[in-house]
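Below, chain A is the first sequence line, B the second, and so on; all start at residue 1.
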Amino acid sequence: MTTTGQLGDPPAPGAPALELRDLSVTFRTEGGIVSAVDRVSLDLAPGEIVGMVGESGCGKSVTAMSIAGLLPESARISGSIRLQGTELVGARDSVLRRVRGKEIAYIFQEPMSSLNPVLTVGRQITEVLQVHERMSRRAARARAVELLTLVGIPSPATRVDNYPHQLSGGMRQRVMIAMAVACGPKVLVADEPTTALDVTVQAGILQVLRDLRDRLGTSILIITHDLGVIADVADRVVVMYAGRVVERAQVTDLFAHPHHRYTAGLLSASPTPGVHAGTQRLQEIPGLVPVLSTQPDACTFADRCPAADARCRDAAPPLDAVAAATDHLAACWHPCPIPRTQPEEASA
Amino acid sequence: MTPQPNALELDDLVMHFGPVRAVDGVSLRIPRGRVTALVGESGSGKSTVGRCVVRLVEPTAGTVRIAGTDVTHLTRRQLRRHRSDVSIVFQDPAGSLDPRMLVGDIVAEPLRLSGRRLSGRDRQARVAAELGRVGLRAEVARRYPHELSGGQRQRVSIARALISEPNLLIADEPTSALDVSVQASVLNLLADLQRDIGFACLFITHDLSAVEYLADDIAVMYLGQLVEQGSREQIFTRPAHPYTQALLAAAPLADPVRQRQRQPVLLGDDLPSALDPPSGCRFRTRCPLAFDRCASETPAQVEYGGGMAACHLVQPDGTRPDVRAADSSEVLS
């Protein structure tokens, strides 16, 4: 476990913007220890959008909170989180302060509770710029108007003097994004950024995230339970279940050929276009996500899995490539069979 | 014999909360045994319609008829006789089940309120049967809501809603607070029960995929008014109103290949306020196709292909606008 807290060497070209290695998080609760995240490893390449998906209790938000350094006192974290070579786990506050908001930024689900209601949105954006960029008030204000334009807020020069309550939910989330990207962070962590919004507003917010990546090269980790959002914006997908990564793949591979039974279950549980109750039942996943005090040496999905056998309960399946020379990984002893009719290359 | 009345008839329903015009003239019919989805985004007034139907609030104007009976202005005492005709299931089962009551008492509550005398044993049997019908074991009756999972709690609220054998079920976002896998089981359950029991259902939701799965007919609401109505097939394959089209285009498909081929329709974020709705067509401030007439004249409800759309660009002959071609203002025919 590396806990140097020093700025590392400048990252090599092509090196990941964000690197998680064996990240584990446990909480002390009244009911004993709860293991929330178990040995999660993940790379975020420069300019890449990675989607993290799973149901509540799968550890996706705790992963986001650990990256943000926002875990409560009761949490114990181990493993490594490297941001462009800088270790964040166990880093000194001075290092975190320098990095947060400048190199890495966060947006959360509820824009109203993350904005200060008694300050204008302009003041909240300029604060970041004055702290991190040491900009003058006037320059910061000009930059704030630019940022509001960037995130698609109409008449930004007047909106900059609005208070949060004068804005709609979608506008507030756009302001949150403007604040988050004010200092040009390399990495943006977006935890359910559109969950509280209507679909017509969501579409605009997702467009803003895509624009940021295209124009500024920002790497984005987007955490969501919505497979439609993943299908829309993610380049790669990480599926989490009970604290572990159970599958990782390019977005088209994952949706076309899910290997882990949990991924397959999630995909077929939501209604697909053209399907009606009169003709087809939705596929259910029986049971619940377990709350674990220790991570067993077994597949944690076994109790809900249609394909589970003794082996699944005796040994945890490793997260391995599903075939040679592929970046599609799955942690399953009995992966879903690949459909035989494949229009692309025939995998031997 | 006269034909059986509709399970629900709303005529020009209006519900104002002070200056807030939450519902502003909604007319809707649900025939017996049909599932009608009321779709809209937050603030559209769809939940308020549901609350008017079960008379949690008394409408400002218009009428609510349940199975032929006008219940719009009945007093609490008069309403009691009609309580068993209609039930409601809410979004958040944790908030709509009394945490201090045993599940068995929660489910039996409508029987107690109906005033029918039942022996303790009969009551218990009814509760057990009802729990069985929603896929819960009879022992659950002796548990408290907090001992159950979110999906189980929603099953309890469905059992409570159905024990009085209502002809009409109002389901207000019944799956929105649940995870995908649990949503699937609750949607399956609602579909099974509706088919087996045959109650009519007003399914209030913003989730279009659930709508397509469960509904026979669809009504689309925007800022207190209906903008389009039609069969499931018509709304999903030939939506006429620009708002319906935008809503369908904005809901992302869980299929990256198809999703990325779609042409996005981006509306502004600024939902007008129900305090001061726009003149003319209420959608015009966000509509990519709006023109002068939309501000000056309220669009009439045009009968269209068995449904209705309230838009100046929709004609009874099947001419309808296409928001995806907003730049060229092309009109489909």
What part of [X] gets within 4.5 angstrom of chain B, counting heavy atoms only: side chain, backbone, both, or neither?
X        : answer
A/Leu254 : neither
A/Val289 : neither
A/Leu288 : side chain
A/Gln207 : side chain
A/Gln202 : side chain

Using a 4.5 angstrom heavy-atom cutoff, name the option from B/Ala191, B/Gly150, B/Ala215, B/Gly43 with the most pairs to chain A.
B/Ala215

Only pairs of heavy atoms separated by less than 4.5 Å count here; which of B/Leu190, B/Val180, B/Asn188 has the most with chain A?
B/Asn188

Smallest separation among heavy atoms of [X] and [Y], with atom names:
X        : Y        : result
A/Val229 : B/Pro252 : N-CG, 3.9 Å
B/Leu253 : A/Pro273 : CD2-CG, 3.6 Å
B/Ser181 : A/Ala269 : CA-CB, 4.2 Å
A/Ala277 : B/Leu214 : CB-CD1, 4.5 Å
B/Asp192 : A/Arg281 : OD2-NH1, 2.6 Å
B/Tyr213 : A/Pro271 : CB-CB, 3.9 Å

So does A/Ala231 get a backbone contact from the side chain of B/Arg260, meaning a donor-acceptor N/O pair under 3.5 Å?
yes

Close side-chain approach of B/Gln183 and A/Leu282, heavy atoms under 4.5 Å
no

Identify which part of B/Phe236 has an atom lying under 4.5 Å from any heavy atom of chain A, answering side chain, backbone, both or neither.
neither

